[in-house]
> 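This is the structure I have questions about; it appears just below.
Numbers here simply count residues along the sequence, with the first being 1. Any value given below was found using the heavy atoms of this structure, including those in side chains, with hydrogens, waters and symmetry copies removed.
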Amino acid sequence: MKNKKLLAKLSAAAFGVAVAGAISFGAQAEEMVSFEIVDETIPQSLTGKAGDPVAGRKTAINRKKGNCLACHVMPIPEQQFHGLIGPTLDDTGDRFTEAELRMRMVDSKVFDESTMMPSFYKTGQHMVLKKFVGKTILSAQEVEDVVAYLMTLK
Ligand code: HEC
């Protein structure tokens, strides 16, 4: 009896996730965390936790998440057709600090208002798809994961 109840709860939860997933389509509905910008860098982890570079690589490749390959050549041999709009990202860990990369991921527009590079952790942007209104493209932890991955590129 207990088990049946649990099963019903679990499948309701799974259904909820499936529906929410279908609606938000990769966009994040969670509350935005606050962070401090210091000299065009974000020194502290958005989540207070370290990023996971393996998860970050997946988020970067995912066409519905980072979609970095649309614009950047990256050391990701299993995927074809890397974009050439932005610079090659094969040595970001040598050229940037973590704090600098976090700022670029959160909001590249700080450096150049007209850049093509999306602001991955910002709401209220201009000309966003309906599904992203009031939402960020990546979650705070996904930003941390991608930053951790970029730091491994040397
Ligand atoms: C729509 C195109 C586009 C997408 C998608 C995109 N970028 Fe960019 N990115 C750019 C452009 C263009 C620049 C060049 C600098 C500028 O215009 O600000 C750039 C610059 C950068 C830089 C600084 C590199 C340097 O050498 O100056 C980093 C790091 C970066 N992007 C990481 C990423 C990551 C990681 C992703 C995916 C999560 C991503 N970008 C997705 C267009 C894009």
Side-chain angles (χ1 to χ4, degrees), residues 10-11 13-33 35 37 40-154:
L10 283 177
S11 49
F15 181 70
V17 168
V19 170
I23 293 169
S24 67
F25 204 76
Q28 306 301 319
E30 67 180 25
E31 283 272 308
M32 269 187 85
V33 302
F35 52 86
I37 299 177
E40 297 189 342
T41 73
I42 302 176
Q44 305 290 332
S45 161
L46 299 181
T47 57
K49 282 192 273 176
D52 171 356
V54 176
R57 189 180 192 275
K58 285 190 191 140
T59 298
I61 299 177
N62 188 329
R63 302 276 175 189
K64 289 176 185 164
K65 295 262 186 180
N67 198 17
C68 317
L69 292 172
C71 298
H72 294 284
V73 172
M74 300 173 79
I76 296 185
E78 72 272 27
Q79 295 246 359
Q80 280 184 299
F81 310 123
H82 298 197
L84 297 171
I85 295 166
T88 301
L89 301 182
D90 56 359
D91 58 354
T92 47
D94 282 330
R95 292 192 304 113
F96 296 98
T97 64
E98 194 183 293
E100 288 167 342
L101 286 173
R102 189 175 288 116
M103 182 75 252
R104 282 180 191 274
M105 288 299 298
V106 164
D107 187 10
S108 255
K109 312 267 189 281
V110 162
F111 304 100
D112 175 4
E113 184 60 34
S114 63
T115 184
M116 293 275 293
M117 169 90 178
S119 298
F120 287 98
Y121 199 71
K122 188 182 182 181
T123 57
Q125 300 192 68
H126 215 51
M127 287 172 51
V128 288
L129 295 178
K130 242 189 196 156
K131 69 188 181 199
F132 285 125
V133 173
K135 296 174 189 147
T136 59
I137 302 173
L138 297 181
S139 71
Q141 192 57 47
E142 284 168 342
V143 168
E144 291 304 321
D145 294 346
V146 173
V147 168
Y149 165 62
L150 292 174
M151 286 303 289
T152 68
L153 304 182
K154 300 196 176 199

> Do you know the tightest heavy-atom contact between Pro53 and Gly51?
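What the structure gives for the nearest pair is CD-O, 3.5 Å.
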> Calculate, to the nearest 0.5 Å, the distance between atoms CD1 and CD1 belonging to Ile37 and Ile42 respectively.
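Atom-to-atom, Ile37:CD1 and Ile42:CD1 are 5.0 Å apart.
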> Please tabulate, for side-chain N and O atoms in residues 147-154, each donor-acceptor pair with protein atoms closer than 3.5 Å (sequence neighbours left out).
residue: Thr152; atom: OG1; partner: Tyr149; partner atom: O; Å: 2.5

> Is there a donor-acceptor pair closer than 3.5 Å between any side-chain N or O of Glu144 and the backbone N or O of Gln141?
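A pair under 3.5 Å: no.
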> List for me each residue that meets side chain to side chain donor-acceptor pair (under 3.5 Å) alongside Gln79, sequence neighbours excluded, and say none if there are none.
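Expected list: Arg63.
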> Between Tyr121 and Glu142, is there a donor-acceptor pair closer than 3.5 Å when you use the side chain of the first and the backbone of the second?
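Between the backbone of Glu142 and the side chain of Tyr121 there is no qualifying donor-acceptor contact (under 3.5 Å).
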> Measure across Thr136 and Phe120 and return the closest heavy-atom pair with its distance rounded to 0.1 Å.
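Between these two residues, the closest heavy atoms are CB-O, 3.8 Å.
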> May I ask you to test the Val143-Val146 pair for a side-chain heavy-atom distance under 4.5 Å?
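Not in contact.
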> Looking at residues at least two apart in the chain, or sitting in another chain, which of them share a salt bridge (Lys or Arg N to Asp or Glu O under 4.0 Å) with Glu98?
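Arg102.
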> Minimum heavy-atom separation for Leu138 to Gly66, with atom names?
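Distance-wise, the nearest heavy atoms are CD2-N, 4.0 Å.
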> Mind jotting down which residue pairs meet the side-chain hydrogen bond (donor to acceptor under 3.5 Å, both in side chains) criterion with at least one end in residues 81-91? Sequence neighbours excluded, please.
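Pairs touching residues 81-91 that pass the test: Asp91-Arg95.
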> Just jot down the side chain to side chain contact (heavy atoms under 4.5 Å, CB included) partners of Pro43, sequence neighbours excluded, or say none.
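Side chain to side chain contact (heavy atoms under 4.5 Å, CB included) check on Pro43 returns Val38, Thr41.
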> Please enumerate all residues that pass side chain to side chain donor-acceptor pair (under 3.5 Å) together with Thr123, with sequence neighbours excluded.
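Residues passing side chain to side chain donor-acceptor pair (under 3.5 Å) with Thr123: none at all.
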> Using the side chain to side chain donor-acceptor pair (under 3.5 Å) criterion, which residues pair with Asp112? Sequence neighbours excluded.
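Scan of Asp112 (side chain to side chain donor-acceptor pair (under 3.5 Å), adjacent residues dropped) gives Ser114.
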> Tell me, please, which residues at least two apart from Ile85 pass side chain to side chain contact (heavy atoms under 4.5 Å, CB included).
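If we apply the side chain to side chain contact (heavy atoms under 4.5 Å, CB included) test to Ile85, skipping adjacent residues, the hits are Cys71, Met116.
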> Could you tabulate the donor-acceptor pairs under 3.5 Å formed by side-chain atoms of residues 103-111, not counting sequence neighbours?
residue: Asp107; atom: OD1; partner: Lys109; partner atom: N; Å: 3.1
residue: Asp107; atom: OD1; partner: Ser119; partner atom: OG; Å: 2.6
residue: Asp107; atom: OD2; partner: Lys122; partner atom: NZ; Å: 3.3
residue: Ser108; atom: OG; partner: Arg104; partner atom: O; Å: 3.2
residue: Lys109; atom: NZ; partner: Thr115; partner atom: O; Å: 3.4
residue: Lys109; atom: NZ; partner: Met117; partner atom: O; Å: 2.8

> So how far is it from Ile137 CD1 to Lys64 NZ, rounded to the nearest 0.5 Å?
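It comes to 15.0 Å.
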> Would you say the side chain of Leu84 lies within less than 4.5 Å of the side chain of Val73, judging by non-hydrogen atoms?
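The answer is yes, as the side chains (C-beta and beyond) meet within the 4.5 Å cut-off.
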> Please list all pairs meeting side-chain hydrogen bond (donor to acceptor under 3.5 Å, both in side chains) that have one or both residues in residues 49-58, counting only residues at least two apart or in different chains.
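Non-adjacent pairs meeting side-chain hydrogen bond (donor to acceptor under 3.5 Å, both in side chains): Arg57-Glu78.
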> State, to 0.1 Å, how close Cys68 and Met74 come at their nearest heavy-atom pair, and which atoms those are.
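What the structure gives for the nearest pair is CB-SD, 3.6 Å.
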